[in-house]
Amino acid sequence: MSELTLTLIRLGFLAVLWLFVLSAVSVIRSDMFGARVEATQKPSTQAAGKQAKPVKQRKPSRSDRSAPRQLVVTDGTDSGQSARLGSEPILIGRGPDAGIRLDDDYVSTRHARVATNGEQWFVEDLGSTNGTYVGSQRVTTPIPVAVGTPIRIGKTVLELRR
């Protein structure tokens, strides 16, 4: 082989090696610091020139009484930890901004989110490395979750409770 061919092969190998290193650094960075999420701002009703209407209080229905009230860690190193459920989503992960902070090597910084649409609770994986499971099903899109169904994140198991 000519000297030019060997030089081109070496440069090609070096380029592929650098692409591998950069992609590995990118994966480690996203696992440590989480993926960037654009903040969504709710439009102000006063900025639009509208007055906010008073919200009518309603009596709790039967379904409200049977709705889950908390998210509990049932198995793992953080067993017993819980978070009260409200209208806001709960972030699960190792990061400082997580509503349920897990000390599990298999959990990403921003691993999963539990949220409601007002009627049902959903689990959503936030692009974690090791995945989120509801029962034995891997979460790829937001999946509805019933009370008592195990949610596995790393080596930790959580569930919704009344």
Side-chain angles (χ1 to χ4, degrees), residues 16-45 52 54-162:
V16 169
L17 182 65
W18 272 106
L19 284 173
F20 174 76
V21 168
L22 291 176
S23 65
V25 168
S26 174
V27 167
I28 292 170
R29 182 187 160 278
S30 68
D31 191 40
M32 289 178 64
F33 301 111
R36 293 187 182 250
V37 178
E38 296 295 324
T40 56
Q41 295 179 352
K42 296 178 182 175
S44 173
T45 56
V55 177
K56 292 181 181 179
Q57 293 291 332
R58 63 180 179 86
K59 294 181 182 177
S61 67
R62 182 179 174 99
S63 63
D64 287 344
R65 284 176 267 168
S66 65
R69 301 273 185 231
Q70 60 183 344
L71 180 62
V72 179
V73 178
T74 59
D75 191 21
T77 57
D78 299 298
S79 185
Q81 192 179 151
S82 67
R84 305 244 343 124
L85 297 174
S87 60
E88 294 296 316
I90 295 177
L91 179 65
I92 304 166
R94 288 190 318 203
D97 60 339
I100 293 189
R101 193 161 185 239
L102 301 175
D103 187 25
D104 184 338
D105 292 337
Y106 297 97
V107 174
S108 299
T109 304
R110 296 175 54 86
H111 196 102
R113 178 178 21 226
V114 176
T116 184
N117 64 0
E119 297 175 9
Q120 248 182 333
W121 286 91
F122 292 87
V123 173
E124 175 184 11
D125 186 78
L126 300 176
S128 64
T129 305
N130 295 314
T132 303
Y133 295 84
V134 173
S136 61
Q137 180 182 5
R138 186 170 180 147
V139 175
T140 55
T141 61
I143 294 179
V145 160
V147 173
T149 304
I151 302 165
R152 187 169 54 83
I153 296 175
K155 292 184 176 181
T156 305
V157 179
L158 304 100
E159 66 181 46
L160 296 174
R161 291 203 176 150
R162 291 188 177 106

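All values derive from a computational prediction rather than experimental measurement.
- Put simply, CG on Asp75 and CD on Glu159 are 10.5 Å apart, with the number rounded to the nearest 0.5 Å.
- Between Ile153 and Ala112 the shortest heavy-atom distance is CD1-CB, 3.9 Å.
- Remark: the backbone N or O of Glu124 is not paired with any side-chain donor or acceptor of Arg113 at under 3.5 angstrom.
- Among all heavy-atom pairs drawn from Arg110 and Leu126, the shortest one is O-CB, 3.5 Å.
- Using a 4.5 Å heavy-atom cutoff, the side chains of Ile92 and Leu71 are in contact.
- Of all non-hydrogen atoms in Asp105 and Arg94, the two that sit nearest each other are O-NH1, 3.6 Å.
- Listed for the Arg138 side chain is no donor-acceptor partner under 3.5 Å among the backbone atoms of Tyr133.
- Distance check: Gln70 CD to Leu85 CG gives 7.5 Å after rounding to the nearest 0.5 Å.
- For the pair Asp78 (side chain) and Asp103 (backbone), a donor-acceptor distance under 3.5 Å is present.
- Counting only distance, with no hydrogens or angles, the side chain of Asp125 and the backbone of Val139 share no donor-acceptor pair below 3.5 Å.
- At least one donor-acceptor pair under 3.5 Å links the side chain of Gln81 to the backbone N or O of Arg101.
- Although no hydrogens or angles enter the test, the distance criterion places no donor-acceptor pair under 3.5 Å between the side chain of Ser26 and the main chain of Leu22.
- Heavy atoms only, all atoms of each residue included: Ile100 and Ala83 are closest at CG1-CB, 3.8 Å.
- Expressed to the nearest 0.5 Å, how far CG of Leu158 lies from OG of Ser79 amounts to 9.5 Å.
- In terms of modelled atom types and a separation under 3.5 Å, the side chain of Thr74 and the main chain of Val157 share a donor-acceptor contact.
- Residues Tyr106 and Asn130 come closest through the heavy atom pair O-ND2, 3.0 Å.
- Atom OG of Ser87 is separated from atom CG of Asn117 by 12.5 Å, given to the nearest 0.5 angstrom.
- A pairwise comparison of heavy atoms in Gly154 and Asp104 identifies C-OD2, 3.7 Å as the closest pair.
- Taking the side chain as every heavy atom from C-beta outward, Thr132 and Ile151 approach each other to under 4.5 Å.
- Within the 3.5 Å criterion, the main-chain N or O of Leu91 finds no donor-acceptor partner in the side chain of His111.
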